[in-house]
Undergrad: 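I am attaching a structure below and will ask some questions about it afterwards.
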Amino acid sequence: MSEDVKINRGLKGIYFERSGVSHIDGRKGELSYRGYSIHDLAAHSTFEEVGYLLIYGELPTPEELSAFTAKLVAARTLPDAIYPLIDSLKDGHPMDVLRTAVSALAALEPASQEVGEQAFIENGIRLTAQVPMIVAAHDAIRNGRTPVAPDPSLSHAANWLWMLKGEKPSAAAARLADVDFILHAEHGSNASSFAARVTVGTEANLHGAIVTALSTLAGPAHGGAAEDVMKMVTEIGSPENAAAYVKEKRSNREAVTGFGHRVYRAEDPRARHMRDGVQQLSQEMGQPQWYDILQAVVDAMQPYARHGLNVNVDFYSGVIYQLHGIPMDLYVPIFAIGRVPGWVIQCVEQQRQNILLRPLTLYNGPEMRDYIPMSERG
């Protein structure tokens, strides 16, 4: 085959489509949704408002936000058949249970088979509300508890914590969960969003695309960083051990979890908001040691920042979940809860000018050869 063909492994640096949803400047460390800085959105918006912005392209008016929120609240329901399914799978990993339950919703809810743009949006709004319900119900069932019914008076983030823990979160805890979802809501052509687009390219329905996205997010190279950071923090044990830990990792040419990103050379712009939240929540809950360990690791990693090894958003997420007493195997499902609106609008964009995504592989196997009958082999 031709030696002139350039192989871009992992499709690195390849633009496959135009998108008006999010913009990432990896060199400067900037991220925006629909032209709005992630810093402004994290500081001033709610997840519901950001979900509306991503899906419809503009910030909502008060009336539009109220109607959108009402749709999300009304969608906080699951078919009865989902609960025995979850019970039959209760010993499985939460991401496997979540993926299977979303796939089951496609069979249980007839509207899921509709594939027009408005159907994608309505199904996407419903899935945005249902995904946290599935995660919370599974955690309850596997621990021998009855799933907590959603509270229509609570925001998306506060209701998630309520369903998971069975107690109303503080305003600060609910706000931090809200910011966490905002920061994870959309991130360009990441692996799971691209995978969802590939599925939509075949003219599949939205539920099928979300199942694809969930399967892709479950891989540790994409969605598992927060869990790995918490394991690292637990291993380090105290701030005094951080420098030695980093030195040993670097001398062995091993990665320090939570540093570096596929697209950012500067610090991940989402990280600062999680850092502030961890500091506040750790003080509120009387467990400052977790934040102190994280900051000690950041200090030890400072000499490597010039090589692009800056802190990323997931460096702080795991400690937030730890402070809430959330099991580590729920960290990736929480990522999924926030990412649903981003997946939905990526799928809608793909559908608008749909094309089957079919890249090429350059063959480097044997040249053409004669077939050998079975009797002449060996």
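Keep in mind that the numbers below use all heavy atoms, side chains included, and drop hydrogens, waters and symmetry copies.
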Undergrad: Taking Q130 for its side chain and T77 for its backbone only, find out whether a donor-acceptor pair lies under 3.5 Å.
TA: yes
Undergrad: Any side-chain donor-acceptor pair under 3.5 Å between S22 and E186?
TA: yes
Undergrad: Just wondering, more than 12 heavy atoms not from E254 lying within 6.0 Å of its CD?
TA: yes
Undergrad: Counting only heavy atoms from other residues, nucleotides and ligands, does the tally under 6.0 Å from CG of N252 exceed 12?
TA: yes
Undergrad: Do I55 and V348 pass the side chain to side chain contact (heavy atoms under 4.5 Å, CB included) test, and can you show the C-alpha distance, the side-chain angles, and the key distance before you say yes or no?
TA: CA-CA 8 Å; I55 291 172; V348 169; over 6 Å; no
Undergrad: Under 4.5 Å between side-chain heavy atoms, counting indirect links through other Ile/Leu/Val/Met/Phe/Trp/Tyr residues: same cluster for L65 and L59 or not?
TA: no
Undergrad: Could you please spell out the steps behind the side chain to side chain contact (heavy atoms under 4.5 Å, CB included) verdict for V21 and E349?
TA: CA-CA 9 Å; V21 182; E349 275 200 337; 3.3 Å; yes
Undergrad: For a 4.5 angstrom cut-off between non-hydrogen side-chain atoms, does L294 reach V229?
TA: yes
Undergrad: In terms of the angle between their ring planes, are H39 and H273 parallel, tilted or perpendicular, with boundaries placed at 30° and 60°?
TA: tilted
Undergrad: Can you tell me if E203 has over 12 outside heavy atoms packed within less than 6.0 Å of its CD?
TA: no
Undergrad: May I ask you to decide if E114's main-chain N or O and N205's side chain share a donor-acceptor pair within less than 3.5 Å?
TA: no
Undergrad: Taking D292 for its side chain and P239 for its backbone only, find out whether a donor-acceptor pair lies under 3.5 Å.
TA: no
Undergrad: Report the distance from atom CG of L164 to atom CD1 of I326, rounding to the nearest 0.5 Å.
TA: 5.0 Å
Undergrad: Between E117 and R352, does at least one N-O distance fall below 4.0 Å, as a salt bridge requires?
TA: yes
Undergrad: How far does OG1 of T128 sit from CG of L72, to the nearest 0.5 angstrom?
TA: 6.0 Å
Undergrad: Would E235 and K231 satisfy salt bridge (charged side-chain N to carboxylate O under 4.0 Å, His left out), going step by step from the backbone distance to the final call?
TA: CA-CA 6 Å; E235 182 180 346; K231 291 176 181 177; over 6 Å; no
Undergrad: Side chains of V298 and Y316, heavy atoms from C-beta outward: is any pair under 4.5 Å?
TA: yes
Undergrad: Counting C-beta onward and ignoring hydrogens, is there a side-chain heavy-atom pair between V319 and Y291 closer than 4.5 Å?
TA: no
Undergrad: Applying side chain to side chain contact (heavy atoms under 4.5 Å, CB included), name anything that partners S189, two or more places apart in sequence or on another chain.
TA: F16, F194
Undergrad: Where is the tightest heavy-atom contact between I82 and A104, given as atom of each residue plus distance?
TA: CD1-CB, 3.9 Å
Undergrad: Do the side chain of H138 and the main chain of K90 share a donor and acceptor less than 3.5 angstrom apart?
TA: yes
Undergrad: Quick check: are there more than 12 heavy atoms from other residues, nucleotides or ligands sitting under 6.0 Å from CD of E58?
TA: no
Undergrad: Do the side chains of H207 and E109 get nearer than 4.5 Å, heavy atoms only?
TA: yes
Undergrad: Minimum heavy-atom separation for P169 and A174, please, with both atom names.
TA: CG-CB, 4.1 Å
Undergrad: Is any side-chain N of the basic residue among E122 and R126 closer than 4.0 Å to the acidic one's carboxylate O?
TA: no
Undergrad: Output yes when a side-chain donor or acceptor of E48 lies under 3.5 Å from a complementary backbone atom of H156, and no otherwise.
TA: yes
Undergrad: Evaluate the criterion side chain to side chain contact (heavy atoms under 4.5 Å, CB included) for residue pair R18 and Q353; output intermediate values, then yes/no.
TA: CA-CA 10 Å; R18 293 175 175 84; Q353 292 183 298; over 6 Å; no
Undergrad: If you count heavy atoms of other groups shown closer than 6.0 angstrom to CZ of R369, is the number above 12?
TA: no
Undergrad: Looking only at atom types and distance, does a side-chain atom of D314 sit under 3.5 Å from a main-chain N or O of S317, one as donor and one as acceptor?
TA: no
Undergrad: In the structure I gave you, are the side-chain heavy atoms of D268 and N310 within less than 4.5 Å of one another anywhere?
TA: no
Undergrad: Can you tell if the side chain of M232 reaches within under 4.5 Å of the side chain of F315, non-hydrogen atoms only?
TA: yes
Undergrad: So does A42 get a backbone contact from the side chain of S45, meaning a donor-acceptor N/O pair under 3.5 Å?
TA: no
Undergrad: Do the side-chain N and O atoms of D40 and S37 include a donor-acceptor pair separated by under 3.5 angstrom?
TA: no
Undergrad: Can you measure from CG (L323) to CG (L281) and round to the nearest 0.5 angstrom?
TA: 5.0 Å
Undergrad: Hey, could you give me the CD/OG distance between Q346 and S192, rounded to the nearest 0.5 Å?
TA: 9.0 Å
Undergrad: Can a donor-acceptor pair be found, under 3.5 Å and without considering hydrogens, that links the side chain of S66 to the backbone of P62?
TA: no
Undergrad: Between Y83 and M133, which heavy-atom pair has the shortest distance, and what is it?
TA: OH-CE, 3.9 Å
Undergrad: Is the closest side-chain heavy-atom distance between E227 and M230 below 4.5 Å?
TA: no
Undergrad: Ignoring hydrogens and angles, tell me if any N or O in the side chain of K168 forms a donor-acceptor pair with the backbone of L154 under 3.5 Å.
TA: no
Undergrad: Please lay out, stage by stage, how V5 and L360 fare under the test side chain to side chain contact (heavy atoms under 4.5 Å, CB included).
TA: CA-CA 11 Å; V5 176; L360 302 174; over 6 Å; no
Undergrad: Looking at CG of L127 and CD1 of I210, how far apart are the two atoms once the value is rounded to the nearest 0.5 Å?
TA: 6.0 Å
Undergrad: Please find the pair of heavy atoms, one from N8 and one from K6, that lie closest to each other, and give the distance.
TA: OD1-CE, 3.4 Å
Undergrad: H184 and R339: which non-hydrogen atoms are nearest, and at how many Å?
TA: O-NE, 2.5 Å
Undergrad: Verify the distance criterion only: is there a donor paired with an acceptor across the side chains of D180 and Y321 at less than 3.5 Å?
TA: yes
Undergrad: Could you tell me which non-hydrogen atom of W290 sits nearest to which non-hydrogen atom of V233, and how far apart they are?
TA: CE3-CG1, 3.3 Å
Undergrad: Could you grab the distance from atom CH2 of W162 to atom CG of D151, nearest 0.5 Å is fine?
TA: 6.5 Å
Undergrad: Going by heavy atoms in the side chains, are I334 and H324 under 4.5 Å from each other?
TA: no
Undergrad: Between V198 and I14, is there a shared hydrophobic cluster once you connect ILVMFWY residues whose side-chain heavy atoms come closer than 4.5 Å?
TA: yes
Undergrad: Are Y52 and V73 connected in a single hydrophobic cluster, I mean Ile/Leu/Val/Met/Phe/Trp/Tyr linked by side-chain heavy atoms less than 4.5 Å apart?
TA: no
Undergrad: Has H93 got a side-chain atom pairing as donor or acceptor with M95's backbone, closer than 3.5 angstrom?
TA: yes
Undergrad: Regarding D139 and R145, does a basic nitrogen lie under 4.0 Å from an acidic carboxylate oxygen?
TA: yes
Undergrad: Does I7 CD1 have over 12 foreign heavy atoms under 6.0 Å away?
TA: yes
Undergrad: Among I24, N312, D25, I38, exactly one meets side chain to side chain contact (heavy atoms under 4.5 Å, CB included) together with P269. Which residue is that?
TA: I38
